[in-house]
Amino acid sequence: MNNFSFNCPTKFVFGRGTTDQTGAQLAALGHRHALVVYGQGSVVRTGTLGRVLASLDEAGVSYVELSGARPNPEIELVRKGVELARNEKVDVILGVGGGSTIDTAKAISLGVPYTGDTWDLFSRAAQPIAEGKPPVACVLTIPAAGSEASDSCVITNDEKCLKKGLSTDLNRPELAIMDPELTFTLPPYQTAAGVTDMCAHIMERYFSGADAVPVTDGIACSLLRTLIAEAPRALANPEDYDARANIMWVGMLAHNGIAGVGRNLVPTSRAGGWESHGLEHELSAHDPKIAHGAGLAVIFPAWMRYVWRENPERFLAFGRDVFDIEPVNPEEDGVDITAEQAVADAVEATIDALQEFFVSMGMPSTLGELGITEADIDALIQTLEQNKGAEFGEFKRLTMEDARNIYMSAL
Ligand code: NZQ
Ligand code: ZN
């Protein structure tokens, strides 16, 4: 188990009716004037925004609003938000929505104390500044990205056709209101994309370069098993509170860092090479209509099939602990195959089981289903190289040729 530092200071207020506590919770933290950020209308239609604003009124927290954060959020709205937050001298940025809204709130918060263009922080031309940065709070409406407690913020720059993540503990929200009833209105596709993203957050860490870490691996596999059990229940009955609640809490645990501690190679870094996320971000930057989770449903199994031979034991452990898949023992079981073939069969069965789970929820299994064709791959590789350099990854270092092979295998 490797050394690590893990700092997750977010206060979680979880459960039925917690939405109505937003104002009181912010006031208790000393906040008086909020910038309320939200997406493209779901929170208006569902009444969530009205409830949040009423609770702010009741608690004496004044506010200004910024709407329009789109899925795979764009830097232009962030720039507007930075200006608004500065002019209004708000003391907290409150995101009401999913990862796209919360990431917009995080990026605005990062932009407030920085005098240049906020994109500089994402392009690494400048470093984030702690002093003068207003805290971020959120009311989560879709469990998926885990942004409610993560150290990460992902923003797209349409002009440059780049989608970039920025990880720093400064991104950790101060407060997360998590009311599973808000997720009853989620369409099945968004529910499924969210669950897929959570699986990916757990697996990126599980398949990192470190050796087995039983305590952390046990958490990871338990979270995955929970998703595999609860997602079909939530999809069959969108108002199944317990299924929704379990999924919501897994989404946070999948990405606040606890599912990877001790697996990181460098004490200050998060665990994993995040290969599938790197490959996926190019898809949703190329076409922002592609849901991040749907892209991962295609990319993750394709990456697995490409790299598993680097460490078959890790894949066998994963198959055993998540899907109860054991390789046959050719001698004991009287089967006429080599030991190598038995391992390959078990690994393939494991990857098939994972992909079947994604497909059973309505997720795609090919890039074609996402509207990506062979003709798009050159552009994907070009921006991938800009983002990642000539090589990236940890489980297996991936060159741009490897990346191309993975995209091609997923067509
Ligand atoms: O925009 P509105 O109208 O609110 O609709 C949203 C959006 O269309 C809708 N929605 C949200 N809650 C709803 C609802 N519809 C009905 N009922 C509700 N309760 O769902 C759609 C998707 O929302 P979005 O916020 O885009 O989803 P998600 O949480 O999956 O966020 C995706 C973004 O997060 C980034 C992704 O790359 C992507 O840009 N990520 C952020 C991470 C982080 N900050 O730690 C890590 C992740 O790996 C990920 O990269
Ligand atoms: Zn993700």
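In each ligand, atom 1 is the first atom listed, and ligand 1 is the first ligand listed.
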Under 4.0 Å to a heavy atom of S150 - the qualifying atoms of ligand 1, by number: 43 (C), 44 (N), 45 (O)

Side chain to side chain, T156 and L162, heavy atoms closer than 4.5 Å: no

Close approach of G41 to ligand 1, heavy atoms, under 4.0 angstrom: yes

T183, any N or O under 3.5 Å of ligand 1 N or O: no

Sub-4.0 Å heavy-atom approach of G194 to ligand 1: no

Pair F395 and F315, ring centroids less than 6.0 Å apart: yes

Three-point angle D197:OD1, the Zn ion (ligand 2), H292:NE2, rounded to the nearest 10°: 90°

Ring centre gap for H255 and W249 strictly below 6.0 Å: no

Within reach of ligand 1, part of S100 (heavy-atom separation under 4.0 Å): both

Ligand 1 atoms in contact with S152 (distance to a heavy atom under 4.0 Å): 43 (C), 44 (N), 45 (O)

R70 to ligand 1, any heavy atom closer than 4.0 Å: no

Where ligand 1 meets H255 - atom numbers and elements under 4.0 angstrom, heavy-atom basis: 45 (O), 46 (C)

Within-cut-off N or O pair, V43 and ligand 1, under 3.5 Å: no

Flag side-chain contact, heavy atom, 4.5 Å: H31 against Y63: no

Ligand 1 contact by K163, heavy-atom criterion under 4.0 angstrom: yes

Charged tip of R244 within 45° of F184 ring normal and under 6.0 Å: no

Rounded to 10 degrees, the angle NE2 of H277 makes with NE2 of H201 at the Zn ion (ligand 2): 90°

Side chain, backbone, both or neither: Q40 near ligand 1, heavy atoms under 4.0 Å: both

